[in-house]
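One structure is given here, and the rest of the page talks about it.
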Protein chains: 2
Amino acid sequence: MKDRTNKVTIYDIAQKLGLSASTVSRALQNNPLINEETRLKVQEMATEMGYVPNWIASSLRKKRSNIIGLIVPRTSMYFQSTAISGIQHEAHKYGFSIMIGQSDETVAMEKELVHTFYSLRVDGLLAVSSMFTTNTDHFNPFVKNNIPIVFYDRVPSDFNGYTITGDDYQGGYLATEHLIRQGCKRIAHFSGILTCNLYQQRLAGYKAALAAYDIPFDESMVYVHDLTMQSAANAAQEIFSKSVLPDGLFTANDSSAVAFIQEAKKQGIQVPGQIKVVGYSNDLSSRIISPSLSTIEQSGYNMGQKAASTIIQLINQDEGIKVPKNYVFPVELIQRESSTS
Amino acid sequence: MKDRTNKVTIYDIAQKLGLSASTVSRALQNNPLINEETRLKVQEMATEMGYVPNWIASSLRKKRSNIIGLIVPRTSMYFQSTAISGIQHEAHKYGFSIMIGQSDETVAMEKELVHTFYSLRVDGLLAVSSMFTTNTDHFNPFVKNNIPIVFYDRVPSDFNGYTITGDDYQGGYLATEHLIRQGCKRIAHFSGILTCNLYQQRLAGYKAALAAYDIPFDESMVYVHDLTMQSAANAAQEIFSKSVLPDGLFTANDSSAVAFIQEAKKQGIQVPGQIKVVGYSNDLSSRIISPSLSTIEQSGYNMGQKAASTIIQLINQDEGIKVPKNYVFPVELIQRESSTS
DNA sequence: ATGCATTTATCAACCGTTTAACAGCTATCA
DNA sequence: TGATAGCTGTTAAACGGTTGATAAATGCAT
């Protein structure tokens with residue numbers, strides 16, 4: 001290892017100015033104990049010498065890292081990346097940095113990230129659980145040590161702390177109701193794994209809408225899989241092989257709707273002519289596919305911002321401000337070609 | 001602030017076992033100075049007490065953080081997010097964590113991130129420069145202190161350190177040559193800002209292919225903008241307003257090609273019938289749009305892996321291994337509907 | 001019993017910053 | 001004069017590990 005110890009410390013500054021290190025430290029933090037003149041002298045010298053505070057030393061001493069850990073299934077999902085932007089901008093405003101880890105939708109990786117973040121002594125943890133996370137056991141180090149956790153978007157079912165979610169029930173309801181109003185009578189549903197709150201809620205909304213319009217719920221119309229394009233294509237083939245087709249489809253994400261539409265094209269099945277489709281998330285791809293995809297918008301950027309501001313409030317223990325425990329973002333139906341005639 | 005000082009330290013373990021802290025420290029690191037028996041006893045007690053090493057204290061002492069800073073324009077670009085996955089997986093293998101910052105394509109934010117990462121004492125910096133970065137001045141803290149930097153994908157033109165790039169010249173050449181072979185004679189080009197090496201190279205490849213097939217280069221066929229969908233749509237309108245249309249278009253990214261195709265559809269112009277289009281990057285969207293988009297694949301995951309392994313070698317100063325200074329990844333033409341008849 | 005090497009574990013300094021406690025100095029007032 | 005207060009700045013002990021120097025304990029040969 002090369003020697004990289006040539007960094008400027010407060011001692012170097014102190015020595016040059018004939019002061020003590022603590023005075024320098026205070027001056028740099030605009031501590032009122034230090035008078036104007038010395039403060040300016042110190043700050044000038046600091047910039048002149050190219051001093052950059054050693055964040056590591058400071059966090060060790062202050063027992064505070066100003067880092068927020070972030071666990072997401074993957075950054076490449078459109079919703080996730082917009083949420084990350086929201087988080088990052090909000091965190092930056094308050095002087096926090098964020099450290100991102102991808103769980104790749106596995107519990108094992110999630111556990112490892114929790115461990116790493118704990119070891120890094122992050123001040124708080126922001127997480128979107130993996131599709132296969134059924135409980136919060138592996139988040140124990142944080143729970144036990146009272147380090148704030150906020151789950152957003154996907155929340156493990158046994159978690160009873162702070163959450164920021166979209167109104168998934170309402171989203172499922174709106175999407176399904178829209179299809180019904182467009183004349184659909186046989187509406188299929190692509191759902192994600194049902195251990196995940198999100199998909200439970202979207203399914204519940206779907207069922208509720210059917211019930212509200214006196215359409216009997218048919219278990220066999222619900223296709224549960226991991227919502228990848230591949231799985232969706234398989235489910236589509238299964239549907240097309242049946243004697244009687246559905247006339248509507250509500251999918252719990254956009255990419256499975258996209259895969260469905262592509263598969264339908266291959267089979268010469270008309271969307272929206274024969275089957276109307278509504279997706280979820282308002283991904284970029286929903287505007288690119290043709291027919292353009294009707295979907296549910298759930299403002300990822302805002303959810304990210306809210307998640308960040310919530311965890312920061314928890315970290316700072318802003319007693320004055322009441323931090324809502326379960327914040328739900330409204331959703332909006334975006335009507336496009338895939339569901340309208 | 002709540003008191004969160006209830007964490008287990010090596011001193012707690014030492015006390016319980018009647019040992020000294022240093023023995024515990026050594027035992028936990030499998031230092032051969034400590035005998036088998038004590039080592040096991042210590043490790044057992046550590047897990048029993050739920051000890052997690054304080055990474056901050058350890059990096060302060062060791063002057064090594066095992067964190068790699070990563071600066072990208074934004075995580076939401078498909079290529080970037082695949083590269084990030086590659087980086088993260090590779091880093092994880094070697095016990096490094098990565099810290100991601102988004103520059104939002106601004107030099108100011110880039111500068112701030114450099115500062116933050118320097119303050120965090122990251123062991124190395126991985127960066128994709130913003131579109132508007134013309135030099136490396138603001139990366140000075142790293143350069144001056146001999147902290148390794150590796151640029152990948154987009155590289156500032158004055159940087160003469162380690163780089164990992166796709167073969168952009170070749171990509172531009174392949175795309176253009178393909179269009180020519182498909183019969184195009186008047187080929188337009190959407191380029192990104194030309195201070196960026198990437199776009200320079202793609203343009204150079206475009207020119208070279210034209211020259212190789214004796215097609216005169218026409219300055220007015222090159223549209224330079226920021227390659228957002230909006231800008232591409234504007235450029236498309238400009239093209240459509242002209243009396244004579246191009247018969248081919250090579251765009252330096254996929255989303256501008258997608259925007260162009262959508263605009264063409266609106267105007268009733270046939271792709272590939274009247275204009276054949278080739279994009280760049282093999283984004284997800286290139287498979288979703290119809291007609292599906294021909295494009296250049298530049299394996300982001302592998303580039304990310306390579307970038308990570310390179311910086312780790314530099315950090316570790318693996319003298320034995322020769323680290324190539326400018327690694328270039330081959331690119332591949334993906335032919336789809338948008339350019340074939 | 002003595003000397004010497006080897007194994008095993010401890011001591012104490014250190015990383016760079018923060019901060020409680022304290023000290024020196026000047027000014028003010030009884 | 002001495003007591004009190006207000007500024008300004010210093011000392012030294014943390015924070016939680018790591019590690020070179022050192023000591024204690026043991027074995028073994030003489």
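Values below: all heavy atoms of this structure, side chains included; hydrogens, waters and symmetry mates excluded.
- Applying a 4.0 Å cut-off to non-hydrogen atoms, the residues of residues 10-20 of chain B that approach DNA chain D are B:I10, B:Y11, listed by residue number.
- Separating the CG atom of B:L28 from the C1' atom of D:dG16 is a distance of 13 Å, rounded to the nearest angstrom.
- Between A:I56 atom CD1 and D:dT18 atom C1' the separation is 14 Å, expressed in whole Å.
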Would you tabulate the pairs of protein nitrogen or oxygen atoms and nucleotide nitrogen or oxygen atoms of nucleotides 20-26 of chain D closer than 3.5 angstrom?
from, atom 1, to, atom 2, distance (Å)
D:dG20, N7, B:R26, NH2, 3.1
D:dG20, O6, B:R26, NH1, 3.4
D:dG20, O6, B:R26, NH2, 2.8

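- Annotation: side-chain hydrogen bond (donor to acceptor under 3.5 Å, both in side chains) contacts of A:K16 (sequence neighbours excluded): none.
- Contacts of A:N140 classified as side chain to side chain contact (heavy atoms under 4.5 Å, CB included), with partners at least two apart in sequence or in another chain: A:V143, A:K144.
- Considering all non-hydrogen atoms of both residues, A:I147 and A:V122 come closest at CG2-O, 3.8 Å.
- Residue contacts shown for B:S58 are limited to sugar-phosphate atoms, with no base heavy atom under 4.0 Å away.
- The aromatic rings of B:H89 and B:Y301 lie tilted to each other, with the angle between the two planes from 30° to 60°.
- The nucleotide whose nearest atom lies closest to any side-chain atom of B:K62 is, among D:dT18, D:dG9, C:dG16, D:dT18.
- Sorted by first and then second residue, the side-chain hydrogen bond (donor to acceptor under 3.5 Å, both in side chains) pairs involving residues 127-136 of chain A (not counting sequence neighbours) are A:E110-A:T133, A:S130-A:T133, A:T136-A:D158.
- Across every non-hydrogen atom of B:I56 and A:S65, the tightest pair is CD1-CB, 4.3 Å.
- The side chain of B:A57 lies closest to D:dG17, out of C:dT8, D:dT18, D:dG17.
- Looking at residues two or more places apart in sequence or on another chain, you find no salt bridge (charged side-chain N to carboxylate O under 4.0 Å, His left out) involving B:K41.
- A:N30 places its CG atom 16 Å from the P atom of C:dT17, with the value rounded to the nearest Å.
- For residues 303-312 of chain A, the set of pairs meeting the salt bridge (Lys or Arg N to Asp or Glu O under 4.0 Å) definition, not counting sequence neighbours, is empty.
- One finds the CD1 atom of B:I100 at 8.5 Å from the CG atom of A:L70 (value rounded to the nearest 0.5 Å).
- Distance CZ (A:R121) to C1' (D:dG17): 11 Å, rounded to an integer number of Å.
- Here the nucleotide nearest the side chain of B:T23, chosen from D:dG9, D:dG16, C:dT10, is C:dT10.
- Between B:W55 and A:W55, the angle of the ring planes lies from 30° to 60°, which puts this pair in the tilted group.
- Cation-pi contact between B:R154 and B:Y152: absent, since separation from the ring centre below 6.0 Å together with deviation from the ring axis within 45° is not met.
- Taking only side-chain nitrogens and oxygens, B:K63 comes nearer than 4.0 Å to OP1 or OP2 of C:dG16.
- Residues passing the side chain to side chain contact (heavy atoms under 4.5 Å, CB included) test with B:N31, sequence neighbours excluded: B:R26, B:L33.
- At whole-Å resolution of the value, CG in A:L120 and P in D:dG17 are 13 Å apart.
- In this structure, the separation between CZ on B:F132 and OG1 on B:T106 is 9.5 Å, given to the nearest 0.5 Å.
- Annotation: salt bridge (charged side-chain N to carboxylate O under 4.0 Å, His left out) contacts of A:R74 (sequence neighbours excluded): A:D104.
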Side chains of residues 44-53 of chain B: which donor-acceptor pairs under 3.5 Å do they make with residues two or more places apart or in other chains?
from, atom 1, to, atom 2, distance (Å)
B:T47, OG1, B:Q43, O, 3.3
B:T47, OG1, B:E44, O, 2.8

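- At whole-Å resolution of the value, NZ in A:K41 and C1' in D:dT8 are 12 Å apart.
- Considering only side-chain atoms of B:I34, the nucleotide from C:dG16, C:dA9, C:dT19 that sits closest is C:dA9.
- Ranked by how close their nearest DNA chain D nucleotide is to the 5' end, B:R61 and A:T38 are led by A:T38.
- Counting to the nearest Å, the P atom of D:dA13 and the CG atom of A:L60 are 17 Å from each other.
- One atom, NZ of A:K7, and another, P of C:dG16, lie 9 Å apart when rounded to the nearest Å.
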Between the protein and nucleotides 4-6 of chain C, list the N/O to N/O atom pairs that are separated by less than 3.5 angstrom.
none

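- Among the protein residues, A:T9 comes within range of the sugar-phosphate backbone only, with heavy atoms under 4.0 Å from sugar or phosphate atoms but none that close to a base.
- Contact check of residues 44-54 of chain B against DNA chain C (heavy atom, cut-off under 4.0 Å) returns no residues at all.
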